[in-house]
Each structure stands twice: as C-alpha cells, then as structure tokens.
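Reminder, nothing fancy here: chain letters follow the sequence lines and each chain counts from 1.
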Amino acid sequence: MTTKYETVIGLEVHVQLNTNSKIFCGCSTEFGKEPNENTCPVCLGLPGTLPVLNKKVVDYAIMAGLALNCDIAEYSKFDRKNYFYPDLPKAYQISQFDLPVAENGEIEIETEAGIFNIGVTRVHLEEDAGKLIHEGSIDKSKGSLVDYNRTGVPLIEIVSEPDMRTPAQAKAYLTELKMIMEYLDISDCNMEEGSLRCDANVSLRPVGQEEFGIKAELKNMNSFSAVEKGLEYEVKRQQELLDEGKKVVQETRTWDESLNKTISMRGKEEAHDYRYFPEPDLVPLEIDEAWKEEMQKEIPELPREKYKRFISELGLPEYDAGVLTGDKDLAVFFEEVLSDYDDPKNLSNWMMGEFLRLLNENGHSPFESGVSPINLAKMLKLIDQDIISGKIAKEVFEKMYNSGRDPETIVEEEGLKQISDQDELENIVDAIIEDNPDAVEDVENGKERAIGFLVGQVMKETRGKANPGLVNQMLRDKLMN
Amino acid sequence: MNIYDLTIHELKEKIAAGELTPAEIKKAYAARINEVEDRVKSYITITDELAEEELADYENKKEGLLAGIPIAVKDNMSTDGIKTSCGSKMLENYKPPYDATVVEKLNEAGAVIMGKTNMDEFAMGSSTENSAFFDTHNPWNLNHAPGGSSGGSAAAVAAGECAAALGSDTGGSIRQPASYCGVVGLKPTYGMVSRYGLVAFASSLDQIGPITKDVEDSAILMNVIAGHDPKDSTSIEGKKEDYTEYLKEDVSGMKIGIPEEYFNLEFDEEVKASVLAAVEKLKEAGAEVETVHMIDASYALAAYYVIAPAEASSNLARYDGVRYGLRSEQAADISEMFTNTRLEGFGDEVKRRIMIGTYALSSGYYDAYYLKAQKVRTLIKDDFDRIFNDFDLIITPTAPSTAIELESKSDPLEMYHTDIFTVPINIAGVPAMSVPCGFDSSEMPIGLQLIGPHFGEGKIIQAAYTLEKLLNIKEKRAEL
Ligand SMILES: [Zn+2]
C-alpha cells in the first residue's frame, strides 16, 4: 500500500504565549483561576471598548519567527475574522489575514528515517477565545456556561507547508516546534492544558503525482501521541477509500481518543466566510531593523544546534544528546555542571540515570530539586578523587536531592568517606578471610569469581565505604601468592 | 436672558462673579427640562441623581473647566452604572460597568451630567426617527426633525435643556443636527478625541465632538475632551492645544476655498443664498475667497455607504444575546437565539446596514465593494490634502436643506442624501464645524460648514468665531 500512495501532511499549530497579560487588555493570563475572574470590559467585548496591543506579544511573535528562520514583516496589520459563537464575545476574532508578522521559514527535523526540512508558511498573531462549559455532557446539559478567562490570551498560529510525508515526521515537527518555543521561553506548550494545539491537513496522492489529493482537516488531537495516532488512522482510512475506488471527501474530522478513530464533523464546520477586513481599532504594526535585532539577541542556542554541538564538541552519543537537549532546563543544567566539571559523558550518565529517575519520581523539573549544578559537579569530583565510591555516591546524591545539602558536608557529617587506608582495612580483610573458608579455598583453587564475593563481604562489613579496588588488591596479595 | 439660555462661558462668568451658584444653575436647567421635555423629548434617560452627586462634589472640582455646568451626553457613550441604550431595544436596559474616556473627562472637569440623549439607533440615521423609543422634536418647530443621529443632543442644547452636549459624528451626526437646530457642532479630526467607551458604529469614521450654543463653548468643551488616550490606539499622540486661544475676531488673509462641485449640487436655494451671503461677509472682513474644484461629493457618499455598513456589520455582531442586552425568549438552540435576538432587537435601518455591510465584505464581493470603497477613500483624502496645501479652510452648506419634517422621508436613499455635504469630511478624517448662518423663510435655522485640514480645529474656531460676530444671530433662541 505504502508504495502506491504518498501521504501529504501540513500542520496548523496554535501556541499560547506566556505573557503575563492578555494581548489587548491588562488582564492576567494565569491558568486555573475562577471562571471569568481574569476579565475586564475590553476582553469581554463590552460595547465601546477598544483593543490596545501588548508589545510583549509582538516581541514573542518576532522571536518565534526568527527562530523558525522566517522573514519578519516590516509592515504587518491585524484583521477581523467574523463569526458567531458564544465563546467569542465580540463575534469576531482579532487575527492577521494577509500580512502576518513572519513568513517563509523552515526548520530541520529528524526521525528514524533521516533528516528533513519542513517549510513554515507563516506565523501570525491572534487572540484566543473563551471556553464553553456544560453541566454533564454537551447533549444532556440544559444550557451552557461560558468562561472568558482565556479570551484574549495571546496566540501565535504557525502554519507549515505540506512538507510532511509520514505521521512520524509530523510528530517530530511538532516536537521540534515545542522545543523551540520552550527554548525561547515564550510558551508553556502544554497540550493537555491547551497551550499547544494542533490541527492537521492530510491527503494522499499516487506516488509521482505533483497535484495534491483531496484533504481532510483533522482536529481535536490533544496529545503528541494523539497526533501520531490520529494521522496514522486517517492515512489508513484514506488509503482504504482510494483502494476501493472511492473519493476522499473534503471535510473536517475530529479525533476521538476513546474510539481510536477520526469522525466526520459533517455540517458543523461547513465552509465559513469569515469576511476578513482590516481591524480599524488598531494601527498597523511597523517592525524596524532595530526591533528585529533586539529580539535576535533574546534568542538562545536552539535545541537542534545544541544537539549537534553536544555530539560534535562534547563527544556525546546521539541518544544522550537527544535526551539532554529534549528538555531545555535539563540542557541548561547539564551545561552549568560542565562549567565546573569536565567529563561530559560521565555527567551525562549521572543525569540520565539517577537524576532523571528522581526527577520523574518526584515530578520535578531539573531546577526544582535540591541538587544544584555546582553541588553535582562537586559530587562527581569526590568520586573521581576516590573520596567516595560510586555506590556511596548514589546515597549521597539522594540526600542532596532531598535536602539541598552540599555533598562534601554530607560525606563529612555522615562519615561516608571511602576507606583507602590499608592499615584500617587489614583487620577487616583478615576477619573476612577467616570467616569464609569455602570461598578462600575456591580462590586458592583459581576461581577468580570468588574474589568478588569476598570483596562484597568487606564492602558489607564497612557499609560500602571500603575502597573496592584496594580491597580486591589486598585479597589477591593475601590469597594468590 | 433666562439661565437656561446662557452659554458655558456666560455661566462660568456668573459663577465666578458670585451671581449664580451651581445649584441654582442645575435647578434652572432641571426646571427647563420639566417644562419642555414632553414636547421636545431630547432625553432617553434623565440622570438627576448623578447630577446631584456631581453637584455635591462641586467644591472639589471648582477649578475644573466645566465646574457646575449642566451637560448632556449622547446615549452611545458609556456611563458607569447608567443605562446606555444607543437608541436600541437591544440595549434598552444595558448598564455599562465603566465610563467612556470623555465621560471621565467631563467628570474631572466638574460637569453636571443632566442626562443621556436620544439618537438614531446605533447612530444610524439623519433624523433621530430611527430611535427605538420615540421621536425627538426640533425646538424651532416641533413638527420638524432635529436631524440625526445626535438629534437629542442638538435639540437639548437648542431647547435650553442643558448648557452644551456631546454628540458623535460618523457621517454628519453632529453637524447636521446642529445645523437643523441652530447650534454649533464640531466634528474633530479623527483621533483627536478618544473613542474609548463610544459604542462603535463605524470605527474608522466615528468621532465624538461638542454641540454648543456658540463657538466659544465649542472651544471650551474641546479643551476638556481632546487629547491622547492610551486606551484608544487610534487617538493621536502629541501636544494638546488651548482652543480658546483661537477665539479671535480675525480672518484677514485667511484663504477659503468654495468647492464648485458642492455648490452645483441640487439643493435648497435659501440655504445656498444664506451660506454664500455669510461667505461674502467673511470676504468683506478680509478673507481671501476662491472657487476650488474637488471630487464630486457623491463618490464620498457611495464609499461611505459601503465602508460604514461594513464596519458596522462587524461592530454590531456582538449583540447576540449571550452576555448582556436583549435575549430572545423564542429560541430552541444557540443559532436560533442569535437570529431571533437580532431579529427582535434591531430596527429596520440597522438591519439594512448590517446586511449591506455583510454583503460588501463577503468573499467574491470584497474587492468590488469594500476594497474599491477604500481606494475611493484614499482619493478623497488626497483631494482634501491637495486643497489644504493652498487653503486654510473650505466652506460648504452643512445640509442641503433646513430641518425636514418628521416622517417626511420614507425612502432610505433620500435620507442618505441629506448627508451629502458632511460625509466626505469623515471619509477624509478632517475636522469640520457647523455654525448657524441664518434662517429660511419659515424661520428654520441654516448651518454653514467650515472644513479644516487635519488638526485645523483652531483655524475653524477662529473663522467661526469671527463669522458669529459678523452675523450677530447667536442670541436668537428657539421659542417653546
Ligand atoms: Zn481583559
């Protein structure tokens, strides 16, 4: 089947910007407030009110545009998108129609199949709508309640070119976008909370054909896995239709997570005429070089560049580089430790092992734990200097994680220093030899493995503090001469 | 003279001289309202409680430019906790939770707000007959319309029901009723007065301005309401002028253009003669008057009746019954609620304009109507700019006739034509004032329109002030 058709996917991604206030009024954008608490006459669209553009929102849109390698418009404007819906208090959404803030970009993505460039058609600004709440379910509820807290929260819509050929590419593109927004620190990008939303256009065409097939628009994919599953389902559905000689209908379909399929939204989303026209209440936006340069300075090293640098300059395996750069804070943490510690691979092992395990268990982000980058560097040095053993280090690390204490203090106060003094170990080693005649005999008979057992006994006796290398040497000296 | 016939500056002088107290003034105006309101019907809401409160606060505000002065406000300007109906059933019981910027400024200046005045529904109309509630009557002849859409404000000023009023002007809604009612009406440069809190009709054309008994009052009121407002992105930044500095009896060397294409239109001969006679007086006083050629006003009218309804169709879409105002009881689902609410809540003229505007913005028609109208708009702007390169002011009649009789025009197109002289000014965004220049044979007032370049309010005020002195008719009041 897959050889017969080529899949064509384009994504429209809405990203809620994390400014403190809304796009056209001073209301807070804080999530989770009492319904309609974050509202004022302006975002409620009361008669006579007027929008005033929050400049920070434009800053963020310019940053997004630059990070997606777009051209930034010198002259941009806002337009009204007119439609009736109870969650839209003015019955029009202030958006951007023909002159978006940014256009003509592209980003690089990587899947198991390789590296691809995906075009970004445009990035435009708009205001979010409110939320309808139903008592019980939508069809049983006697009425609807409206919460306008979200109304006027700033959004950017990022429209891709139809450049993706597999659901995996679409997922990789979306992941890359999310990471870029997180690196820019302009959005929380939480799909479950709705700060990142994704619609997809999907069509199939015979391999080799230039012209696009008839597309379906896919909505309501509320997680990364839903995007992949929804697209996979839709590709399969369209393949089957085409194989049966049927036509794909151009329509909007919604992904139903519980049924694991896409469902036609027949009629509900029929072709709207939004009657766009320039918003007369706002003046056009002029973005000069100076503004662009100022925003360019705000852009940090982006995830893809960092990933490549971790591999080429730090010599990390691709897997490690992927995990560490996949979360901005994790990457920042990693690099902060590296400024005091110079074994990237050893550090990477610790971060991907113990650190991530504890973060996941506690639901923390990297900077929320008790471990500071400087303390982690100190602890790794303690291991490297044979002051603590790797095993003890795990214990020390957990204590650091929970208490925020300095590793040196922990080791000192709790007497966790490795015993590397032969005299101190002499009696313990001798006692273990005496208590384990069977194992000693095995060793004497050349069974190397029995040495390990005896080392283990010494470690147990010293509660892990003995320097295992030294103990091993001492046992060999005593038993194998 | 009666207290209710006095102007703002006369009242201020009498307060300063200790001859009148604000309480006496308020009482006199309230009594006047009591006396004539059932015949004139200027007000939708009389805000006596608010007026008393403001009066009580007089001591704190007595340095204000309007301290103790009774002012009326058109019912499309938001007043905190006070009904703001826009002359519509849709907002019959709507009480906004905030004050318009102009209302705040009136309050700060110590004004005593007497009430909210009648208007054509959502400011769409030229006679105030489109009010959902009742007609307002012209104080000069109660069988005539006061003009519109700020007919209530103009009638209230002419009838002595307030010292001065605020109106709004989208295509002539301050100037035309001022002309019909024999008072002074100024539409400022677009962006000069904040629109925050003015219920929008056509956002790119709407402006608030003063309706007053004389030119001096217009300057005083402008000093109160003009200026940049951070809540209105289209309001102009820059220094604020003292408009009273232009109250000078001097037009010598002032260059005035008389557009032939406007005077060649078919309109009332008495109006034409009166306006030209006034122009002659200015000439005698030293103004340089010349005939000029401009784009035919009918193009502006055509562009206006595309752009204004287009913006209105979007601005009025929010009246859907969900959050405030009327909600139809006759609805089984949300879509029916939208439809029936709007069906029941809006009057015919509003519906007509919403439909025209929706059509003009629809895909497939946008280029032919909206976009073309915007191009015409640019040409008209350029045309005015071209004239103002060489001239200080342009003079035309304000309206093609004196006040029309109530219920005399049933054809909407005929009604639209009464705006022919005023609409191009909104399209160009420049300021213009209607000032009384005489009376016709039925003793109905005639208005003359002075048009200035962007920010040319000062020049307009100076010429109008001079004309007022030359004509010596401003003491004449409507008899009721
Ligand atoms: Zn708000």
Side-chain angles (χ1 to χ4, degrees), chain A residues 24-26 36 39-55 77-94 97-98 130 132 134 138-139 141 143-146 148 151 267-268 271-285, chain B residues 76-78 84 86 90-91 94 96-101 122 191 194-200 202-206 229-235 307 310-311 313-325 334-335 337-339 342 357-366 370-371 374:
Chain A
F24 298 123
C25 65
N36 297 310
T39 60
C40 72
V42 175
C43 56
L44 288 176
L46 292 187
T49 56
L50 298 169
V52 176
L53 181 62
N54 177 351
K55 183 181 166 285
K77 69 173 172 66
F78 289 92
D79 301 276
R80 291 187 184 177
K81 179 181 181 179
N82 295 283
Y83 64 95
F84 288 96
Y85 206 64
D87 68 3
L88 194 66
K90 299 188 295 295
Y92 58 82
Q93 178 192 33
I94 302 178
F97 183 55
D98 55 343
L132 291 188
H134 302 95
I138 186 162
D139 41 350
S141 178
S144 307
L145 301 166
V146 202
Y148 292 109
T151 308
K268 285 181 190 163
H272 268 297
D273 182 354
Y274 291 119
R275 287 172 283 115
Y276 280 101
F277 74 103
E279 166 57 278
D281 289 332
L282 289 167
V283 290
L285 201 52
Chain B
N76 60 353
M77 297 172 210
S78 214
T84 300
C86 289
M90 191 63 95
L91 295 177
Y94 168 65
Y98 76 102
D99 274 332
T101 296
F122 287 104
S194 169
R195 291 185 295 118
Y196 187 76
L198 170 69
V199 180
S203 313
S204 72
L205 301 161
D206 296 342
D229 179 7
K231 290 182 197 157
D232 176 359
S233 312
T234 63
S235 89
I307 294 167
E311 292 181 10
S313 71
S314 172
N315 283 330
L316 272 64
R318 71 191 65 196
Y319 307 111
D320 56 9
V322 173
R323 292 156 299 274
Y324 49 80
I334 189 75
S335 147
M337 185 179 104
F338 290 159
T339 308
R342 294 167 67 76
T358 304
Y359 184 83
L361 289 176
S362 296
S363 89
Y365 300 96
Y366 182 89
Y370 185 79
L371 209 58
Q374 289 292 11

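Counting heavy-atom pairs closer than 4.5 Å to chain A, the top residue among B:V199, B:D206, B:L316 is B:V199. The most heavy-atom pairs under 4.5 Å with chain A, out of B:N315, B:I334, B:L91, come from B:N315. With chain A as the partner, the residue from B:S204, B:A310, B:G197 showing the most heavy-atom pairs under 4.5 Å is B:G197. Of the listed residues (B:G325, B:S203, B:A360), the one with the most heavy-atom contacts under 4.5 Å to chain A is B:S203. For chain A, the option among B:N76, B:L371, B:V322 with the highest count of heavy-atom pairs below 4.5 Å is B:V322.
For the pair B:Y98 and A:C40, the minimum side-chain heavy-atom distance is 4.5 Å or more. Inter-residue side-chain proximity for A:P47 and B:T84 is flagged as unmet; no heavy-atom pair is nearer than 4.5 Å. Side-chain contact between B:S362 and A:R275 is present, with heavy atoms from C-beta onward closer than 4.5 Å.
No donor-acceptor pair under 3.5 Å is formed between the side chain of A:R80 and the backbone N or O of B:S314. With hydrogens and angles ignored, the 3.5 Å screen pairs a side-chain donor or acceptor of A:D273 with a backbone N or O of B:S363.
Only the side chain of A:P41 comes within less than 4.5 Å of a heavy atom in chain B; its backbone stays farther off. Only the backbone of B:L198 comes within contact range of chain A, with at least one heavy atom under 4.5 Å from a heavy atom of that chain. Only the side chain of A:Y148 comes within contact range of chain B, with heavy atoms under 4.5 Å apart. Looking at A:D281, the atoms closer than 4.5 Å to chain B (heavy atoms on both sides) sit in the backbone and in the side chain alike. Interface remark: A:Y92 contributes side-chain atoms only to the contact with chain B (heavy atom separation under 4.5 Å). Heavy-atom distances place no part of B:S335 under 4.5 Å from chain A, backbone and side chain included. When heavy atoms are compared at a cutoff of 4.5 Å, B:F338 approaches chain A solely by way of its side chain, counted from C-beta outward.
With rounding to the nearest 0.5 Å, the separation of OG1 in B:T101 from CG in A:L50 is 8.5 Å. Taken from OG1 in A:T49 to CG in B:D232, the straight-line distance is 11.5 Å, to the nearest 0.5 Å. Taking CZ of B:R323 as the start and OG1 of A:T39 as the end, the distance is 12.0 Å to the nearest 0.5 Å. Note that OH of B:Y94 is 4.0 Å distant from CG of A:L46, once rounded to the nearest 0.5 Å. Atom-to-atom distance recorded for B:Y324:OH and A:L44:CG is 9.0 Å, nearest 0.5 angstrom. Here CG of B:D320 is found 9.0 Å from CG of A:L88. Values are rounded to the nearest 0.5 Å.
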Check step by step if side chain to side chain contact (heavy atoms under 4.5 Å, CB included) holds for A:F84 and B:T339. CA-CA 10 Å; A:F84 288 96; B:T339 308; over 6 Å; no
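Within a 6.0 Å radius of OH in A:Y83, more than 12 heavy atoms belonging to other residues, nucleotides or ligands are found.
Relative orientation of the A:F277 and B:Y370 rings is perpendicular, given thresholds of 30° and 60° on the angle between their planes.
Heavy atoms only, all atoms of each residue included: A:P280 and B:T234 are closest at O-CG2, 3.5 Å. In plain terms, the two heavy atoms of B:P230 and A:V52 that are nearest each other are O-CG2, 3.3 Å.
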